Amino acid sequence: MSPFRRALRQMLTIARRDFIATVFTPVFLLFLFAPALIGGMSTIGGLGAASMADGAADRARLVVIAPPPLAAILSREDARLRKLFRHDERPSTLSIVAPQPDPAAQARALMGEQGRDTDAVLYGPIDRPSILVPARSRLTGNYLEALAQATVSAGRPDAVVVSATRIAAPRPAVSLGGQHQSGFLAVFGIFFLTLFLAGQVVGTMAEERNNKVIEVLAAAVPLEAVFGGKLIGMFGVAVLFVAFWGTVLGQVAALIPPAIAADLGTLTPAVGGPAFAILFAAYFSMAYLLLGSVFLGIGAQASTMREIQMLSLPITLVQVGMFALASAAARLPNSLLARVAEIFPLSSPFAMAGRAANSPEIWPHLLALGWQALWVALFITVGARLFRRGVLQSGGGRPFWRRRPRDPISAA
Amino acid sequence: MPEQRAEDWAVTATGLIKRFEGKQVVGGVDLAVPRGAIYGVLGPNGAGKTTTLRMILGIIEPDEGYRTLLGCERPRDAGDRVGYLPEERGLYPAMKAREAIAFMGALRGLAWGEGRRRAADLLAQVGLAHAADEKIRKLSKGMAQLVQLLGSVVHRPDLIVLDEPFSGLDPVNQEKLEALILAERDRGATILFSTHVMAHAERLCDRLAIIAGGQRQFEGTVDDARATLPAQVHYQPRQPNPALAAQLPAGATPEGDGWRFAMPPDGIEPLLNRLIAAGHGIAGLTIERPTLHEAFVRIVGSVEDRRFADRKAAA
């Protein structure tokens, strides 16, 4: 059997053991359903927060002090202007109050009224109004100013109501915005998945060290194969996780409202949808293997669980750093920054996924995948060597050029 | 003396040196383990036995020196033909006994299915058939140790390296282990094991090496080792006679009705002839060959004495 085939067989043996040892445990179910638990708790929290925010919004208002003849026009123009805002960005409810002899004092009194939040009060002549508004609510003041302008325009005898005819335009096959969005989503998706999954690799050698199994493995298998096997085993776990949630989300996607589905249709990666999906999967794999191999090498040096736990912060920071670099690269395709992010091994999968969204060429991806695979092998080799020297306390032995030919052995 | 190539030996080691943090642990060990033999590496605690075995197996690299394993200069190349039981036993606690044995076989190239089948047979052989589907964490220490030992032979290796295999085993399991070692030798495997318990070495070893102070102090058969000390003679004359001492070898001491002395270099017969001729006669004669334990203590003790003297001189 060739050394490569033997190493591959040994790697797969270790990967199989790790995969089974990880997946066939009750804890794995907790891990598998963690997103559902997190999502459930986030939804409950979000609903609570939204409910509280809605309650507060119900009590907030904008006030216009205006004579009754203007009230109808103000209401109509307010209704028209509100349509320009998204639901969650709309200004507070408008209240129209009849003026008293001192409108300025009346405005201050309304502003200070207990039991209701008043965002701003407009008073005085409608064409030269005064707006009482807290400094932080500049946009609210702008809205009341625009409302006054619209009311004045609508109140003129020669006012014209414009009614436009809307014609549905064909959606462009490829839009720069869609490409950039696709790029960002790809970078974020890989970041999210690796953040969730790759960090697990850091502590996998601890089991062998604690159980003293490492001595058996090191005697039977090259350490590079041990490291590679453990990485592949945990990658298998990650793939199972992604496949499970991919299937679940695929089913949920059928329930997406058409409007949102249409929005998703604007995501137009430059390489095309199917190629983009394949490249996304490939770059997720490479991102996992690259970061995993680094984390595995570092984690193998740790001798206690405390040391492994201490590593989680720097590991997260590395991932966030790669995400930031690759996000910037996706926003600025063809820039020097993008090139650096594409070449630097740890950010390369993220940045190249972004590139797939922005540029139609395929060959750079083949090159990049090869480049990344090379670095995975390098990180595994370095990690194994550091482990051999640091943990097994093995020197490197004599370099081959200093080895003298072996003497024949005399019979004892 | 005929020259033999490395391929003719199961293990060769030439001038193996290892230092940890500047301290020399193994200081130039030479070994040559014949194929098909049971070979013991004996030594006191801290002699460098485990480090030597780890270097031979390629777990750690020697700082200097060369070794071959089953004719291969790179131990990894012979990996699938070697079985190893380390001094620090290690198994995955959540694995079942049969799976653990099959796993260790799979690491050495044995197919999983075949590994499981052989594991069941081996477990039955050592009386552990009932534990085949028990998780390792539920087994006693001795049972787990036997499981690991079975894992090191399941792929039927040509060379089996056992580091202190008897430690932690009760007498019943020690006997099972001895039987297993002999069965493996009969199958044609070479067994290289380390121990500091002389009784096992005396019963099992075809050849042995004694390591002390990081160096090989002796190499040969058990009989060779015992021959490093003269046999002890207990001679009883027909009549007690204080003048007899002058005719006995130097260092003879009275013991009961007779005398105890070391076997003369030219053998016992000339002395006996002289004693008979002088009319002392022979009422009783016992010749006790030294044990391996005694030979070991002398060999290792002399090394320790030398090291102590060296340290004192250096101080």
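As the structure is a computational prediction, the values presented were derived from the model and not from experiment. Below, each value reflects all heavy atoms present in this structure, side chains not excepted, and no hydrogens, waters or symmetry copies.
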So for A/Ala218, is it side chain, backbone, both, or neither that comes closer than 4.5 Å to the heavy atoms of chain B? both

Engaged part of B/Asp30 at the chain A interface, taking heavy atoms whose separation is under 4.5 Å: neither

Would you call A/Arg388 and B/Glu61 a salt bridge, using N to O less than 4.0 angstrom? no

Can you list every pair that meets salt bridge (charged side-chain N to carboxylate O under 4.0 Å, His left out) and has a residue in residues 27-42 of chain A, with sequence neighbours left out? none

Taking side chain as everything from C-beta outward and backbone as N, CA, C, O, which of these in B/Leu91 sits under 4.5 Å from a heavy atom of chain A? Side chain, backbone, both or neither. backbone

Scanning both residues in full, the closest heavy-atom pair of A/Glu215 with B/Pro86 reads CG-CB, 3.3 Å

Check this for me: B/Arg117, atom CZ, are more than 12 non-hydrogen atoms of other residues, nucleotides or ligands nearer than 6.0 Å? yes

Grab the two heavy atoms, one from B/Gly90 and one from A/Val213, that are nearest each other, plus how far apart they are. C-CG2, 3.7 Å

Counting only heavy atoms not in B/Glu88, do more than 12 sit closer than 6.0 Å to its CD atom? no

Give the member of B/Ala106, B/Pro75, B/Gly220 that has the highest number of heavy-atom pairs under 4.5 Å with chain A. B/Ala106

Under 4.5 Å from any heavy atom of chain A - which part of B/Glu87: neither

Ranking A/Ile20, A/Leu223, A/Leu217, A/Thr25 by heavy-atom pairs under 4.5 Å to chain B gives rank one to A/Leu217

Report which part of B/Arg89 has an atom under 4.5 Å of a heavy atom belonging to chain A: side chain, backbone, both, or neither. backbone

Pairing residues for A/Tyr283 by the ring pair (Phe, Tyr, Trp, His ring centres under 6.0 Å) criterion, not counting sequence neighbours: A/His365

Which atoms of B/Met104 are under 4.5 Å from chain A, going by heavy atoms: the side chain, the backbone, both sets, or neither? side chain

Residue, of B/Gly83, B/Gly58, B/Pro34, B/Gly109, that accumulates the most heavy atom pairs under 4.5 Å with chain A: B/Gly109

By residue number, those in residues 4-15 of chain A with heavy atoms under 4.5 Å from heavy atoms of chain B are A/Arg6, A/Arg9, A/Gln10, A/Thr13, A/Ile14

Quick check on the structure: residues of residues 192-207 of chain A within a heavy-atom distance below 4.5 Å of chain B, by number. A/Glu207

